[in-house]
2 protein chains.
Amino acid sequence: MKYLLQDLKVRINEKIYIKDPESSALGKRIIEHSILMIQEVGFESFTFKKLGEKIGSNESSIYRYFENKHKLLLYLTSWYWGWLEYQLVFSTNSIANPEEKLKKAIEIITRSVKEDSSFSHINEVLLNKIVINEYSKSYLTKEVDEENKEGYFSIYKRLVMRLSDMIKEFDSQYQYSSSLSSTIIEGALHQHFLREHFPSLTDCNKNVTPTTYFMNLVFNSIKK
Amino acid sequence: MKYLLQDLKVRINEKIYIKDPESSALGKRIIEHSILMIQEVGFESFTFKKLGEKIGSNESSIYRYFENKHKLLLYLTSWYWGWLEYQLVFSTNSIANPEEKLKKAIEIITRSVKEDSSFSHINEVLLNKIVINEYSKSYLTKEVDEENKEGYFSIYKRLVMRLSDMIKEFDSQYQYSSSLSSTIIEGALHQHFLREHFPSLTDCNKNVTPTTYFMNLVFNSIKK
DNA sequence: CAAATTTAAAAGTAATACTATCAATTACTA
DNA sequence: TAGTAATTGATAGTATTACTTTTAAATTTG
């Protein structure tokens, strides 16, 4: 898997950035250290000025890559969903049995990332944490409809639909495959968050993972 | 119901505010118009300065009630959850049958608020929309653990636990009542949001409500 | 090697998120 | 009902954020 991903580039909507950060050393440094910094101080306290200082570069240089930090968040989270989508497709592609396939899909989507693997400048473990803590903020805005029209969320939407399709393939009678798919993807992030910060609101802990819970939920609720 | 709620005051953790907004006319105007304004411009663009202008009062006067807009959001959402909890308890209290009780609970928690009812200065319909769009932002912060310790989320937690208890009452064998409860409460907000902004990611629409979906999900997944 | 592009540095602007001071108003209390 | 306390409004001020602009130096590319 590692090897296969080596040269994969996640394709991000070009309107999200001004200049492709993958196209230069500075761009890659911006991505690398923005992940470290957002994880460290949180998205609210994160600024381009601080990031500039950290990477020994100037604020204005960063603005030539991203219009603002919201767009950078869109970039990072799009990258994450694209990376996850790749894993999903790669791992389920060869599975013919719909049940097995769906099981594998849920496993990949709900597990937490524990190994920083394939991309030199992108730490997927931290990026996973950023998605858990910050992804909602990228769409819970007044501009969501415009940005959706521009296609800023298309990778995420494609992922939800892929899982939805697998649910339908497993049980063509089930009526809520899209809602269930979006519930799993969003709900998994939420359960990971609760496990960390509100343990009394979840049954997930050291032993029980969100994967266990969602696997049980899905396979009990459909195809009875 | 309306009449019964008339004199109910939702009890909010005293550390959330500096001065109780229920204790003065100005305080009530702050609450009333902050709801209108946050709904109108979104939480990010909302400022105490703008609110002051709107209500013909001074920025600094608002700061005497709330430390910052984050605390105000905590106040508003706590109030909402407290109000919802009251409805839940009131409506399910007399139901003895665990299945019926749970059904009623899910209905109350997942429905959208369509009538501005009981409190003169609080518009519950708009507040419901604010909770859908902004609630996550109140806990997806670096300060969440401290604030949780201070009890800022206790009403919400109590609500999740109440629903969790009802699930357990209905099926004592089910192992994930807390996770399921938190999934329903958070997931309902999410499905309402998707219905509005990402219709392709949900099966909820004009006819199918989040209530329909969650009712199906819950009663198929437990007590088989 | 020259031209084009990219980056760094510095300075500037408007808005945000407050804090402090003081005077005017209102409320409460003896 | 006068006196005191509490509340509010007005003004001003600070530090930070979220940018934009300009210019010059460095780097890349053809």
Side-chain angles (χ1 to χ4, degrees), chain A residues 14-34 37-38 40-76 121 134 137-138 140-143 146-147, chain B residues 14-34 37-38 40-76 121 134 137-138 140-143 146-147:
Chain A
E14 292 184 5
K15 290 173 212 142
I16 288 181
Y17 49 78
I18 297 166
K19 182 181 152 93
D20 185 359
E22 287 295 321
S23 71
S24 74
L26 177 62
K28 284 174 191 159
R29 280 175 67 72
I30 289 171
I31 298 305
E32 183 183 356
H33 286 87
S34 66
M37 202 167 206
I38 290 172
E40 198 190 328
V41 304
F43 187 65
E44 279 70 36
S45 301
F46 168 81
T47 70
F48 281 0
K49 189 164 191 198
K50 289 180 199 165
L51 178 63
E53 277 158 29
K54 187 89 160 230
I55 64 177
S57 180
N58 200 269
E59 202 187 357
S60 58
S61 302
I62 300 165
Y63 276 105
R64 282 196 202 89
Y65 285 84
F66 294 100
E67 223 179 302
N68 50 49
K69 69 176 181 173
H70 169 70
K71 288 283 180 78
L72 173 58
L73 180 62
L74 285 173
Y75 181 92
L76 295 176
H121 61 293
E134 324 286 0
K137 298 171 193 168
S138 77
L140 295 176
T141 67
K142 277 285 158 185
E143 297 78 30
E146 289 162 52
E147 295 188 348
Chain B
E14 292 185 5
K15 290 174 211 141
I16 288 182
Y17 49 78
I18 297 167
K19 182 183 152 89
D20 185 358
E22 288 295 321
S23 71
S24 74
L26 178 62
K28 284 174 191 161
R29 280 174 67 72
I30 290 171
I31 297 307
E32 182 183 356
H33 286 88
S34 67
M37 202 168 205
I38 291 172
E40 197 190 328
V41 304
F43 187 66
E44 278 70 35
S45 301
F46 168 81
T47 69
F48 281 181
K49 188 163 191 200
K50 288 180 200 167
L51 179 62
E53 279 159 27
K54 188 88 158 229
I55 64 177
S57 178
N58 200 268
E59 202 187 356
S60 58
S61 301
I62 300 166
Y63 275 106
R64 285 195 198 94
Y65 284 84
F66 294 100
E67 222 180 303
N68 51 47
K69 67 177 182 172
H70 169 69
K71 289 283 181 76
L72 173 58
L73 180 63
L74 285 172
Y75 182 90
L76 295 177
H121 61 295
E134 324 287 0
K137 298 170 194 169
S138 77
L140 294 177
T141 68
K142 277 283 158 188
E143 297 78 31
E146 289 162 53
E147 295 189 347

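Letters A, B, ... are given to chains in the order of the sequence lines, protein chains preceding strands, and every chain is numbered from 1.
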Student: Which pairs of donor and acceptor atoms, one on a side chain in residues 59-66 of chain A, lie under 3.5 Å apart (sequence neighbours left out)?
Tutor:
{"unit_1": "A:Ser60", "atom_1": "OG", "unit_2": "A:Asn58", "atom_2": "OD1", "d": "2.8"}
{"unit_1": "A:Tyr65", "atom_1": "OH", "unit_2": "A:Ser24", "atom_2": "OG", "d": "2.5"}

Student: Mind listing the residues from residues 15-31 of chain B sitting with a heavy atom below 4.0 Å of DNA chain D? Number order is fine.
Tutor: B:Lys19, B:Ser24, B:Leu26
Student: Heavy atoms under 4.0 Å, any strand shown: does A:Tyr65 hit a base, just sugar-phosphate, or nothing?
Tutor: sugar-phosphate
Student: Please identify each residue that fulfils side-chain hydrogen bond (donor to acceptor under 3.5 Å, both in side chains) with A:Lys137, with sequence neighbours left out.
Tutor: A:Glu44, A:Glu134
Student: Check whether any side-chain heavy atom of B:Lys69 sits under 4.5 Å from a side-chain heavy atom of B:Leu51, and report yes or no.
Tutor: no
Student: Classify the ring geometry between B:Phe48 and B:Phe46 as parallel (under 30°), tilted (30 to 60°) or perpendicular (over 60°).
Tutor: perpendicular
Student: Distance check needed: D:dG9 C1' versus B:Leu51 CG, whole Å only.
Tutor: 15 Å
Student: Hey, can you pull the donor-acceptor pairs under 3.5 Å for the side chains in residues 15-22 of chain B, sequence neighbours left out?
Tutor:
{"unit_1": "B:Lys15", "atom_1": "NZ", "unit_2": "B:Glu150", "atom_2": "OE1", "d": "3.3"}
{"unit_1": "B:Asp20", "atom_1": "OD1", "unit_2": "B:Glu22", "atom_2": "N", "d": "2.9"}
{"unit_1": "B:Asp20", "atom_1": "OD2", "unit_2": "B:Lys9", "atom_2": "NZ", "d": "2.8"}
{"unit_1": "B:Glu22", "atom_1": "OE2", "unit_2": "B:His121", "atom_2": "NE2", "d": "2.8"}

Student: Rounded to the nearest Å, what distance is computed from the CD1 atom of residue A:Ile62 to the P atom of nucleotide C:dT6?
Tutor: 17 Å
Student: Is the shortest heavy-atom distance from the side chain of A:Tyr75 to the side chain of A:Ile31 under 4.5 Å?
Tutor: yes
Student: B:Glu143: which residues meet the side-chain hydrogen bond (donor to acceptor under 3.5 Å, both in side chains) condition with it, sequence neighbours left out?
Tutor: none
Student: So do the side chains of B:Arg29 and B:His33 get within less than 4.5 Å of each other, counting heavy atoms only?
Tutor: yes
Student: I'd like to compare against my own output: the B/S/- annotation of nucleotides 17-30 of chain D with a strict under-4.0 Å heavy-atom distance to protein.
Tutor: SSBBBB--------
